[in-house]
Amino acid sequence: MNKYDDLLKSKMSAESFAKLAALNNDEVMEFVGYAAELCEPDSIFVGDDSGADVAYCRQLAIDNKEETPLSIDGHTVHYDGYFDQARKKEVTKYLVPKEETLDDKLNQIDRGDGIAELESFQRGAYKGRQMLVRFFCLGPVNSEFGIPCLQITDSAYVIHSEDLLYRRGYKAFSNLEKGGEFFKFRHATGEVDERGTSKNYEKNRVFMDYTRNTVFSVNTQYAGNTVGLKKLSLRLAIRKADREGWLAEHMFIMRCNGPNNRKTYLCGAFPSACGKTSTAMIPGENIVGDDLAYFRVIDGEFRAVNVESGIFGIITDVNSKDDPVIWNLLNSPGEVVFGNVLVKDGKPYWIGMGEEIPKDGVNYCGKWQEGMLGPDGKPTTQSHKNARYTVQIDKLENKDPEWDKSEGHQVGGIIYGGRDSDISVPVREAYSWEHGVCTMGAMLESETTAATIGQEGVRKWNVMSNMDFLSMSVGRYLQNNLDFAKDIERPNVFGTNYFLKKDGEYLNGKLDKSVWIKWMELRIHGEADAIDSGCGLIPKYEDLKRLFKEVLDEDYTEKNYVEQFTTNIPELLAKLDRIEKIYSDIDDTPETMRNEMREQKERLEELRALKGDYVSPFSL
Ligand code: SPV
Ligand code: MN
């Protein structure tokens, strides 16, 4: 008998109660019971892995108007509030118990104060609503990688998203040994306006109770704040990985198809707007996952799994020419949740779709008309630039048939993809794991574009593209990366930059990444030569000329090569100075990081003394 049994029985069917009780897990009972007491739902639904329970939640999202069906069968649209269109760093905090200290650069609040504030926002928040209890799994079920998760929410959209994006996990809970670890999430939509969107956006909070493997979120619906298994779990996973000696990364996983049907798996970390999804979806290659990867050493191999089973992708600029696979999926019957797009007469529209977009309809502002200003007095757009689509990997024509492999895939290469207009060559390979982690991953920068708010061309540092999710100091996280898989063969590490410009024009075509990836694949297997550029190894002209012809049927000229692969020493040194300054303020910067930066600087200064500021690859 649990102290909440009577309360729970009074709010749920005997069937729901039986599903909970069958797990025989005190921690589950306590978490569910406390949520029921605090949030005061009218009723509670507990779901297992059955198709009927999944279907119930999907239909509920429509019945309670969190999603609206569109013309194509299986498609729905969901809207988040005008001020709730992305993750919000200011309100995302770690709850720190009195006896603990957390790195002072992390956004944090005293655990007692944080819980008190959070509970004041969640108390009674489920009144008039149904509390949903569901079980999922991060990574493959029945594998070393899997982490069972318990989600509590009053949003059927959150559960529906999780059903598309994650593996079902009720069975994983049934198999959990006594005291077995799991993650848990409690989300409350909070009061809604007439559109059904969370209205108290100034009371939006996302609090990580990291000493209890728990995350709370309130007064928000945007999936990055509410879908517990996505970014909320990543912060917990980074700490669990630290305790257990593995890695939780913000990376895609893809399969590159090499000569003679060779399959090589690559993972990539790219800050937003640096080409992450388009790299994971390169035509002719196969996708495993587009956002989150766990790494473990298994059977002496460096292995990765996709944490997810679906994609929550940015829809802006998805069009039939550049993204045929996604385009087809978004235009065929089957489950798709569109988020924050423009809808007119049951059809979704978004910026950059390559079709004429209506001048009115319903979008992230509500009823919308061209020229309308938002509630903050700012101009509005047809669809939000962070508008999204949610689909299952299984539905993609270009999925790797083995995307769900429970023991993971051996990783051949890791890519760190930045964005700059005048520093880095399109592709380069690190001399070693340490060189790559330090000078590519830990020095990752992305340049703001005209599409982002604020000044154009500002460089933003983002360690492994994981900065927003670090739940420990940068130094410790970096050291974990350096130490990982020490005794085995590690992947080759590459850096990419698709955004070099000359006279304001991009130096690369959108599809050139197909060539870079094939070159990486050959390098991993020792089948292409490379040239030392002082900050990594770059391709030889002859190899690129051949690959451009083979892959894209294009003539790659010596002029192209010189423009793209010149070593820009002043800009590279300025970047080193910029990043060295950042690390000099971080107390636990690994010694290896300092050394790698120093050695890179020395190599570049030596090269400059010999060959000048801008060094053509032909003169190396
Ligand atoms: C990202 O912003 O990195 C995403 C979307 O993948 S979110 O769910 O908001 O994190
Ligand atoms: Mn992401």
Side-chain angles (χ1 to χ4, degrees), residues 78-81 83-92 136 138 149 151 153 155 157-158 160-162 164-166 185 187 198 201 204 206 208 215 217 220-238 248-254 267-281 287-294 304 306-318 326 337-341 364 384-391 393 415-419 441 444 446 448-449 451-453 460 462-471:
H78 164 81
Y79 291 108
D80 301 303
F83 296 102
D84 189 24
Q85 294 287 317
R87 287 182 279 108
K88 264 195 223 122
K89 277 185 228 174
E90 323 81 76
V91 301
T92 304
F136 298 96
L138 289 162
C149 292
Q151 174 80 57
T153 176
S155 165
Y157 159 72
V158 166
H160 183 204
S161 301
E162 287 175 328
L164 295 172
L165 294 171
Y166 303 96
F185 310 101
H187 161 252
S198 298
Y201 56 87
N204 169 203
V206 178
M208 268 79 60
V215 184
S217 80
T220 171
Q221 289 158 310
Y222 174 67
N225 296 326
T226 56
V227 168
L229 282 84
K230 204 169 193 47
K231 296 310 183 348
L232 312 191
S233 76
L234 178 54
R235 292 135 175 151
L236 301 179
I238 287 174
E249 297 300 320
H250 189 202
M251 290 191 187
F252 70 70
I253 308 174
M254 68 176 296
C267 300
F270 292 59
S272 52
C274 291
K276 187 180 185 190
T277 306
S278 58
T279 306
M281 300 283 287
I287 183 165
V288 173
D290 87 321
D291 199 37
L292 302 174
Y294 290 165
N306 181 11
V307 173
E308 309 186 282
S309 64
I311 296 184
F312 175 59
I314 295 182
I315 202 165
T316 302
D317 290 333
V318 169
I326 296 179
V337 184
F338 292 84
N340 303 314
V341 294
Y364 67 101
H384 195 273
K385 80 170 190 297
N386 192 33
R388 301 253 167 183
Y389 61 88
T390 306
V391 296
I393 296 267
I415 312 170
Y416 294 109
R419 181 187 188 109
L444 207 54
S446 71
T448 50
T449 64
T452 45
I453 305 156
K460 213 165 146 250
N462 189 345
V463 179
M464 273 80 169
S465 174
N466 223 349
M467 203 65 201
D468 284 355
F469 314 108
L470 290 194
S471 42

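Computed from a predicted model, the values in this text were never measured in an experiment. Counting starts at 1 for both ligands and their atoms, following the listed order. Counting from 1, the numbers follow the sequence of the chain as shown.
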Output the list of atoms in ligand 1 that are nearer than 4.0 Å to some heavy atom of Asp291, sorted by atom number.
-> 6 (O)
Please report the closest heavy-atom contact between Ser465 and Phe270, naming both atoms and the distance.
-> OG-O, 3.2 Å
Looking at Lys230, Lys231, Lys88, Arg87, which hits salt bridge (Lys or Arg N to Asp or Glu O under 4.0 Å) with Asp468?
-> Arg87
Look up atom NZ in Lys276 and atom CD1 in Ile415, then write down how far apart they are to the nearest 0.5 Å.
-> 12.0 Å
Check all N, O or S atoms of Asp291 and name the one closest to the Mn ion (ligand 2).
-> OD1
Out of His250, Lys231, Gln85, indicate the one that has the non-hydrogen atom closest to atom 4 (C) of ligand 1.
-> Lys231
Could you tell me whether Arg87 and ligand 1 have an N or O pair separated by under 3.5 Å?
-> yes
Which residue and heavy atom of the protein sit nearest atom 9 (O) of ligand 1, plus the separation = Tyr222 OH, 2.7 Å
Considering only heavy atoms, does Arg388 approach ligand 1 within less than 4.0 Å through its side chain, its backbone, both, or neither?
-> side chain
How are the rings of Tyr157 and His78 set to each other: parallel, tilted or perpendicular (split at 30° and 60°)?
-> parallel
Give a yes or no on whether the backbone of Gln221 and the side-chain of Thr226 come within a donor-acceptor separation of less than 3.5 Å.
-> yes
Modelled atom types, side-chain donor and acceptor of Glu308 and Tyr166, under 3.5 Å = yes
Taking only heavy atoms of Lys230 into account, list the atoms of ligand 1 that are under 4.0 Å away from them.
-> 8 (O)
Interfacing atoms of ligand 1 (cut-off 4.0 Å, heavy-atom, Gly224) = 7 (S), 8 (O), 9 (O)
So does Leu292 have any N/O/S atom less than 2.8 Å away from the Mn ion (ligand 2)?
-> no
Can you list the ligand 1 atoms lying under 4.0 Å from a non-hydrogen atom of Phe312?
-> 8 (O)
Nearest non-hydrogen partners of Leu138 and Tyr294, listed with the distance = CD1-OH, 3.5 Å
